[in-house]
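Heavy atoms only: backbone and side chains are in, while hydrogens, waters and symmetry mates are out. Owing to the predicted nature of the structure, the values given are computational and were not obtained by experimental measurement.
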Amino acid sequence: MKATRVTYRYTLKDVAPWASHPAIAAALPAIPPPPSTDADDLILTDQGWTHHRALR
């Protein structure tokens, strides 16, 4: 089995102006400010690369 860890960067587009208000950011600290970086594990299957949770 082949596996890899993919790191990617994303930015939300067309976000409502109120969503960028400091009070919203303070109320929802789990939502990172843009741009954000994340990572996921992928497994190579006969159908191509698949997210590891899809194989459970």
Side chain to side chain, Leu42 and Thr50, heavy atoms closer than 4.5 Å:
no
Euclidean distance, Asp41 CG relative to Arg53 CZ, rounded to 0.5 Å
9.0 Å
Return the CE to OG1 distance between Met1 and Thr45, rounded to the nearest 0.5 Å.
11.5 Å
List the atom of [X], the atom of [Y], and the distance in Å for their closest heavy-atom pair.
X	Y	answer
Ala39	Thr7	CB-OG1, 3.9 Å
Tyr10	Asp38	CE2-CB, 4.2 Å
Ile24	Ala19	CG2-O, 3.8 Å

Group every Ile, Leu, Val, Met, Phe, Trp and Tyr by side-chain heavy-atom contacts under 4.5 Å, then state whether Trp18 and Leu12 land in the same group.
no
Hey, any chance Ile43 and Trp49 share a hydrophobic cluster, counting ILVMFWY side chains that come within less than 4.5 Å of each other, even indirectly?
no
Passes side-chain contact (heavy atoms from CB on, under 4.5 Å), Tyr8 versus Asp40? Steps please.
CA-CA 9 Å; Tyr8 54 93; Asp40 272 313; 3.2 Å; yes
